[in-house]
A.B. asks: 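To start, I am sharing the structure in question, which I have written as structure tokens.
Being a predicted model, the structure only gives us computed values, none of them experimental. The sequence lines fix the lettering, A, B, ..., with proteins before strands; numbering per chain opens at 1.
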Amino acid sequence: MRLSGAEILMECLRAEGVDVFFGYPGGVVLPLYHKLGAYPDVKHVLVRHEQAAAHAADGYARVSGRTGVCLATSGPGATNLVTGITTAHMDSVPIVVITGNVARDLIGRDGFQEADITGITLPITKHNYLLMRASEIAQAVKEAFHIASTGRKGPVLVDIPKDVFIEEADWDGYPTDVSLRGYPIMDIPRDDEVAVAADVINSAKKPIIIAGHGVVQSGAAAELRQLAELADVPVLTTLLGISGFPDDHPLSFGFLGMHGHFYANMAADRADVVIGIGMRFDDRAMGRFKDFNPTARIVHIDIDPAEIGKNFHTHAPVNGDVRETLLRLLPRLEPVSHPQWRAEIEAIKADHPTNYIDEGTAVTGPWLVQALAEETEGQATVVTGVGQHQMWGAQYYPYTRPRQWVTSGGLGTMGYEVPAAMGAQFAQQEPVWSICGDGGFQMTSQELQTVREHDLPVRFAIFNNGFLGMVRQWQELFYENNYHSVDIGQPDFVKLAEAYGIPGLRATTRAEARQVIREAEALDGPVVIDFQLEPEENVWPMVPAGAALSETIESAEDL
Amino acid sequence: MASRNTIVAHVEDRPGVLARVASLFRRRGFNIESLTVGQCEEPGLSRMTIVVDGDDHQVDQVCRQLFKLIDVVSIFDITYEPMVDRELALIKVSATNFNRREVLDVVEMFRADVVDVHSDSLIVQILGDEGKVNAALGMFQQFGVLEMVRTGRVAMRRGVETSKPPPVSDSQQAAAAVRAMLGRRPEGVLPFASD
Ligand SMILES: Cc1cc2nc3c(=O)[nH]c(=O)nc-3n(C[C@H](O)[C@H](O)[C@H](O)COP(=O)(O)OP(=O)(O)OC[C@H]3O[C@@H](n4cnc5c(N)ncnc54)[C@H](O)[C@@H]3O)c2cc1C
Ligand SMILES: Cc1ncc(C[n+]2csc(CCOP(=O)(O)OP(=O)(O)O)c2C)c(N)n1
């Protein structure tokens, strides 16, 4: 059968089982939009800015575990995607990005709205393609989905010139195979590496696990739990590892790092064996590298060989998928218990609890997150922006289900909260809670229109402190209290919501806050809530930039 | 701990591959001393010889990061292997009737070739390892080097061993082959060292 490039692309998306994708039209993708009507099962969601298309695909992917898809036109459409692609790349989120480009004969001649998007995205994609023939589309799309969703996942971009959408080629069905010599799947670990790791773990007296995003991505929460219980190992997570191990488990000791739990940082600092599982020893998680627990032996399970030994010397490296590795590791472990070690961390936790809530009526970030947790019974999928509200969301909500927590970690992209929550909502029925900064919300609030159009039940909870809070905190603590450009003005968020036809609620006291959370929960569609927070609340604990985990401070007095 | 390391990579012969490799080096802050690309025995693949500066850890990272590029099919660090390495240089030396004989003596000493003659200059072509090229260059400097170009190192392991992509039939074998290629990492338990 002969089909146009546009039809071939849509047949491929259909064959991949893509039920929704996020896009924005423009000149060079018009031949594609011309065909979209024929593919109603591959639902196109019109966003209001291309950045949102990429974040929505990312949010969809993180919640569903499937590959998210977005689409933009050439030039400015494509470049608007860059922040979203980089966000996905830093956190290894599987998305396939389709861009249009100028017609083939204009490429390289500065054609109208030409941008070298494959060049621009070289360092921020796992791989990318510029297709010069309609006959290449099917195989390239097959490869793109394969590459995005296997191994260490990530974004793959497919750039298609306008006339390639129009050109016809043979369509013999979606390809079934890929043959990529330079891309072997590294799921299964080597026996000898697993054996060394088992020896190190079996000989540990004070082990800890640091569980990362890879645990969630590998679908290995059950195996992780078995490992922790069998070898009696306290579990910490990274920021992105949150939800990979249930927060209510007796072996759960929070997340470590710059704004991690105090006891998590101390446990990491005192352990004799650190078992990093599907995490990349990021500086925000580990503090100053050279002073991270210098006597610990390190076991590192990671699917990406380049992560092993990148930041730390690893004593027992295991290259492989988390789940595949744990399945092979478990039978080699001796059931043991470490009561003294657990008691040591429990004691630190008792002395330095995180669930500290002051009395009073003012709405603080920690209080609000706990109120949200109570009202949603800890079951909500939570998406956040970047800043103080993000850290409170991480610290105070009890996550028990993998993929319940969605945040931009590696790039730390403000404005992620609105479109990512929107994308996440397309992946599930139950309402998504989006914990927003008043700064971040203003970066992408145009998507309220998209949310309204699709009647998505996202609850946007704006943590409105009137400041770019996290930056203000740094100016207060490290720049002599010299506030500059952090007192961020804002529209009336309630009216703004209403202007989009979305109910807007406001709360200034704790009593009101509980009230509006309940009101919001009762709504079927979207809602925006303006929670007026204490303006100058800080996030604690904190590892000052460049300090070691052992130097975690719990208030400004410790500075 | 060699500071000049030799890496042999086989890459898919596709447009943009060189840009991918270059982009990676730039982004990761690795220093390329030289990079040569050309055909190899297998159609569809190109062979790169890359000389990089750095300690063992850095070179290990270079190989691991390079291998993440989908178009990179194989990667071998042959720094510590017995190998033949060669470089070609063209050196335009200032030479007049007055000193041409002396210049030619040096050419002969290095078993180099004169490939162009002009009343005021000669182009000398010299082939050898970098030590030889450096030494020759040093000698020619006394006459005045007007222009010089070096190709950078190409290298090949000695003996029957090759740096070719290993043949693989299933994904298990492929993974094993990759892990063997990225084998610089010391095995077993070592004293802790970070950063
Ligand atoms: C304001 C702010 C504050 C922050 N504070 C902290 C903090 O206090 N603590 C903290 O931890 N982070 C913090 N971060 C986030 C931090 O920057 C990193 O994003 C985070 O630490 C990375 O977590 P990760 O290594 O688990 O995940 P990723 O960066 O996603 O890395 C995942 C790792 O797992 C591997 N992997 C993926 N899939 C698999 C698989 N199937 N099998 C095996 N391995 C796999 C990958 O190769 C990679 O090495 C902060 C970010 C912001 C914006
Ligand atoms: C796109 C982008 N620009 C700038 C920053 C730097 N930054 C990090 S946190 C922050 C403040 C965030 O303010 P807000 O969204 O109001 O959240 P809060 O910290 O007050 O909870 C800024 C500006 C960023 N992370 N992302």
Side-chain angles (χ1 to χ4, degrees), chain A residues 116 118-130 132 143 146-147 151-152 154 156 178 180-190 192-193 196 199-200 203 281 286 288-299 304-317 319-320, chain B residues 9-12 14-17 19-28 42 44-45 56-58 60-75 165-168 170-195:
Chain A
D116 173 18
T118 44
I120 289 169
T121 57
L122 270 187
I124 55 165
T125 50
K126 187 168 168 185
H127 194 52
N128 63 24
Y129 294 86
L130 168 58
M132 296 302 267
E143 288 178 12
H146 174 71
I147 292 169
R152 180 174 183 171
V156 179
V178 293
L180 295 162
R181 270 177 89 181
Y183 183 68
I185 301 294
M186 314 286 281
D187 282 358
I188 311 296
R190 257 166 52 174
D192 55 341
E193 292 192 333
V196 173
D199 286 348
V200 174
S203 68
F281 291 97
M286 309 312 290
R288 188 168 63 233
F289 287 148
K290 73 177 170 44
D291 292 317
F292 172 75
N293 188 341
T295 56
R297 281 178 302 159
I298 295 188
V299 178
D304 178 357
E307 284 303 333
I308 291 174
K310 186 182 79 177
N311 291 343
F312 284 96
H313 177 75
T314 309
H315 305 83
N319 174 216
Chain B
H10 283 82
V11 301
E12 299 282 359
R14 288 202 193 114
V17 173
R20 287 179 201 278
V21 171
S23 166
L24 187 142
F25 273 90
R26 182 196 51 75
R27 140 117 173 76
R28 299 267 171 198
E42 192 180 320
L45 294 185
D56 282 0
H57 172 75
Q58 287 162 325
D60 187 52
Q61 263 294 304
V62 169
C63 293
R64 285 159 190 264
Q65 294 293 346
L66 270 178
F67 191 72
K68 283 173 75 166
L69 298 176
I70 310 289
D71 287 338
V72 173
V73 170
S74 69
I75 186 121
V168 284
D170 65 42
S171 64
Q172 276 316 293
Q173 258 189 318
V178 169
R179 289 175 180 139
M181 281 188 255
L182 304 177
R184 224 182 212 234
R185 173 200 339 143
E187 298 276 331
V189 177
L190 286 173
F192 185 83
S194 65
D195 272 12

A.B. asks: Between B:Ile75 and chain A, with a heavy-atom cut-off of 4.5 Å, which part of the residue counts as in contact: side chain, backbone, both or neither?
C.D. replies: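 Neither part.
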A.B. asks: Which bit of B:Arg20 is near chain A, if near means a heavy-atom gap under 4.5 Å: side chain, backbone, both or neither?
C.D. replies: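 Backbone plus side chain of B:Arg20, per the 4.5 Å heavy-atom cut-off to chain A.
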A.B. asks: In terms of heavy-atom proximity below 4.5 Å to chain B, should A:Asp199 be classed as side chain, backbone, both, or neither?
C.D. replies: neither
A.B. asks: Donor-acceptor check, side chain of A:Arg181 to backbone of B:Glu12, threshold 3.5 angstrom: yes or no?
C.D. replies: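 No, A:Arg181 side chain to B:Glu12 backbone: no donor-acceptor pair under 3.5 Å.
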A.B. asks: Given 3.5 Å as the limit, does a donor-acceptor pair link the side chain of A:Arg152 with the main chain of B:Lys68, or not?
C.D. replies: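 Checking the backbone N and O of B:Lys68 against the side chain of A:Arg152, no donor-acceptor pair under 3.5 Å is found.
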A.B. asks: Under 4.5 Å from any heavy atom of chain A, what part of B:Gln65 do you find: side chain, backbone, both or neither?
C.D. replies: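 Answer is both: backbone and side chain atoms of B:Gln65 are under 4.5 Å from chain A.
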A.B. asks: Below 4.5 Å from any heavy atom of chain B, which atoms of A:Ile185 appear? Answer side chain, backbone, both or neither.
C.D. replies: backbone
A.B. asks: Nearest 0.5 Å, what's the CD-CD distance between A:Glu307 and B:Gln61?
C.D. replies: 7.5 Å
A.B. asks: Between B:Arg64 and A:Asp304, is there a side-chain heavy-atom distance shorter than 4.5 Å?
C.D. replies: no
A.B. asks: What part of B:Gln173 gets closer than 4.5 Å to chain A, counting heavy atoms only: side chain, backbone, both or neither?
C.D. replies: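 For B:Gln173, neither part sits under 4.5 Å from chain A.
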A.B. asks: Counting only heavy atoms closer than 4.5 Å, note whether A:Ile147 contacts chain B via side chain, backbone, both or neither.
C.D. replies: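 When you check distances to chain B, only side chain atoms of A:Ile147 fall under 4.5 Å.
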A.B. asks: Any idea which of B:Ile70, B:Leu24, B:Val73, B:Val72 has the most non-hydrogen atom pairs under 4.5 angstrom with chain A?
C.D. replies: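 With the most close heavy-atom pairs to chain A, the winner is B:Ile70.
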A.B. asks: Looking at A:Pro184 and B:Ala175, what are the two nearest heavy atoms and their distance?
C.D. replies: CB-N, 4.3 Å
A.B. asks: Where is the tightest heavy-atom contact between B:His57 and A:Lys310, given as atom of each residue plus distance?
C.D. replies: NE2-O, 3.4 Å
A.B. asks: Any side-chain heavy atom of A:Leu122 within less than 4.5 Å of one from B:Arg27?
C.D. replies: no
